[in-house]
Amino acid sequence: MCGITGWISFDRDLGTEAAANIKRLDQTKDVPIIFLTGAEDDSGYAFRGYATGAADYLTKPFDPWVLRAKVTVFLDLHRKNQQLERLVAQEQADYGEVGSRLAELESQLDPEKPPDLAALRVQVRELRELVARGRGF
């Protein structure tokens, strides 16, 4: 889930309670929450907001361009996290393939019969290419 959009009018306690409930749920625990408040600049309220998991806190009147910029940053972070998750998954798959190919090579090194050196060289070359691809070489 990328984010929750909406305007909710809460008194101070309900706003922090709603944020705490959002953060408790597995499907929304990583959603950034930006508190927008009309209350005077009360550092205690801001602290409670951050303590419940708010990512940011703005008081009214706020500059809509600042809010838009903050939302854009959170969206970019979300996209980059997704990209990183895909890269990690691909790297794990590549390492699994490397492990399988190494096991296959190892099985061909039977001391009772001589190995097919040409086939082993091809497999080692392919393995090197797979490792190099994973490292970005």
Side-chain angles (χ1 to χ4, degrees):
M1 175 169 288
C2 184
I4 296 175
T5 311
W7 297 98
I8 305 171
S9 178
F10 288 125
D11 68 25
R12 291 177 182 210
D13 293 330
L14 286 176
T16 54
E17 185 179 325
N21 287 332
I22 289 169
K23 291 298 183 178
R24 272 191 216 111
L25 299 173
D26 283 340
Q27 62 267 40
T28 56
K29 69 181 178 186
D30 296 325
V31 173
I33 298 171
I34 301 175
F35 273 103
L36 302 175
T37 180
E40 60 280 351
D41 194 10
D42 180 356
S43 61
Y45 182 62
F47 176 78
R48 284 192 303 277
Y50 286 121
T52 59
D56 212 337
Y57 178 90
L58 296 172
T59 57
K60 292 180 185 177
F62 63 89
D63 183 343
W65 290 102
V66 170
L67 177 59
R68 187 173 290 127
K70 289 177 181 287
V71 169
T72 299
V73 166
F74 288 122
L75 289 171
D76 287 344
L77 284 172
H78 175 72
R79 288 182 193 113
K80 288 176 182 175
N81 281 337
Q82 285 183 321
Q83 181 182 18
L84 185 58
E85 288 172 3
R86 284 191 300 272
L87 289 171
V88 166
Q90 181 61 51
E91 188 171 281
Q92 288 173 340
D94 287 347
Y95 281 132
E97 187 174 344
V98 167
S100 297
R101 288 189 182 197
L102 283 172
E104 183 181 327
L105 281 172
E106 201 171 35
S107 72
Q108 293 178 23
L109 299 175
D110 184 359
E112 299 297 320
K113 69 176 194 181
D116 179 356
L117 292 179
L120 285 176
R121 282 189 185 102
V122 168
Q123 289 176 337
V124 168
R125 188 177 334 108
E126 289 173 351
L127 194 54
R128 253 194 211 119
E129 290 170 2
L130 180 62
V131 169
R133 184 183 74 201
R135 290 185 176 172
F137 297 120

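A continuous path of Ile, Leu, Val, Met, Phe, Trp and Tyr side chains, each step under 4.5 Å between heavy atoms, connects Leu127 with Leu117, placing both in one hydrophobic cluster. Note: the hydrophobic cluster containing Val122 does not contain Leu130 (ILVMFWY, side chain heavy atoms under 4.5 Å, direct or indirect links).
Contact annotation: the side chain of Leu75 approaches that of Arg79 to within less than 4.5 Å [non-hydrogen atoms, C-beta and beyond]. Between Leu102 and Glu106, the closest side-chain pair of non-hydrogen atoms is not below 4.5 Å. A heavy-atom distance below 4.5 Å is found between the side chains of Asn21 and Arg24. Two residues are said to be in side-chain contact when any heavy atoms from C-beta on lie closer than 4.5 Å; Arg101 and Glu97 meet this criterion.
Residues passing the side-chain hydrogen bond (donor to acceptor under 3.5 Å, both in side chains) test with Gln123, sequence neighbours excluded: Glu104, Gln108. Residues satisfying the side-chain hydrogen bond (donor to acceptor under 3.5 Å, both in side chains) test with Asp26, not counting sequence neighbours, are none.
Here Asp30 contributes atom CG and Phe74 contributes atom CZ; the two are 12.5 Å apart, rounded to the nearest 0.5 Å. We find the CD-CG distance between Glu91 and Leu84 to be 9.5 Å, quoted to the nearest 0.5 Å.
Ion pair Glu129/Arg125 not flagged as a salt bridge, since none of the NZ, NE, NH1 or NH2 atoms sits closer than 4.0 Å to an Asp/Glu carboxylate oxygen.
Judged purely by distance below 3.5 Å, without hydrogens or angles, the side chains of Asn81 and Glu85 never pair a donor atom with an acceptor atom.
Using modelled atom types, one side-chain atom of Lys23 and one backbone atom of Lys29 make a donor-acceptor pair closer than 3.5 Å.
Nearest heavy-atom pair across Ile22 and Thr28 is O-OG1, 2.5 Å. Shown here for Phe35 and Gly49, the closest heavy-atom pair between the two residues is CE1-CA, 3.6 Å.
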Under 3.5 Å donor-acceptor pairs involving side-chain atoms of residues 62-70, not counting sequence neighbours:
{"residue": "Asp63", "atom": "OD1", "partner": "Trp65", "partner atom": "N", "Å": "2.9"}
{"residue": "Lys70", "atom": "NZ", "partner": "Asp56", "partner atom": "OD2", "Å": "2.6"}

